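Single-structure report; data block below.
Quick caveat, the model's predicted, so the values are computed rather than measured.
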Amino acid sequence: MDYGTFRGLYTLLLMAIMIGIIVWAYSKRRKTSFDEAANLVFADDEQAGADKKNAGAKQ
């Protein structure tokens, strides 16, 4: 096997991996978990706001 054949097979392997990642990322089964992960940033802000309100009420 020469270097050109190896590079061609390596390119096909990387292309197959990339297509697999794209299919995985856009699959409907993963949508709910991705939506939850996207909203985690806002959950931290809401929790921090609730903690400040509770701390003020205790004093």
Side-chain angles (χ1 to χ4, degrees):
M1 185 168 8
D2 65 339
Y3 186 68
T5 304
F6 175 72
R7 286 179 57 182
L9 291 175
Y10 185 70
T11 301
L12 286 175
L13 175 68
L14 290 178
M15 189 168 60
I17 290 171
M18 186 66 186
I19 290 170
I21 290 171
I22 291 170
V23 168
W24 173 77
Y26 285 102
S27 69
K28 292 186 187 251
R29 290 187 294 166
R30 301 292 302 172
K31 182 172 177 18
T32 55
S33 61
F34 286 149
D35 287 342
E36 289 176 9
N39 289 325
L40 283 176
V41 175
F42 303 116
D44 290 342
D45 291 341
E46 292 172 3
Q47 183 65 31
D51 289 343
K52 287 180 183 178
K53 286 181 184 177
N54 290 338
K58 291 179 184 176
Q59 293 177 356

Can you list every side chain to side chain donor-acceptor pair (under 3.5 Å) pair that touches residues 1-12, not counting sequence neighbours?
->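 Qualifying pairs: Asp2-Thr5.
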
Hydrophobic cluster mates of Phe6, side-chain heavy atoms under 4.5 angstrom, ILVMFWY only, any path?
->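 Besides Phe6, the cluster holds no residue at all.
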
Acceptor/donor pairs from residues 12-37 side chains to any protein atom, 3.5 angstrom cut, sequence neighbours excluded:
| residue | atom | partner | partner atom | Å |
| --- | --- | --- | --- | --- |
| Ser27 | OG | Trp24 | O | 3.1 |
| Lys31 | NZ | Asp35 | OD2 | 3.1 |
| Ser33 | OG | Arg30 | O | 2.9 |

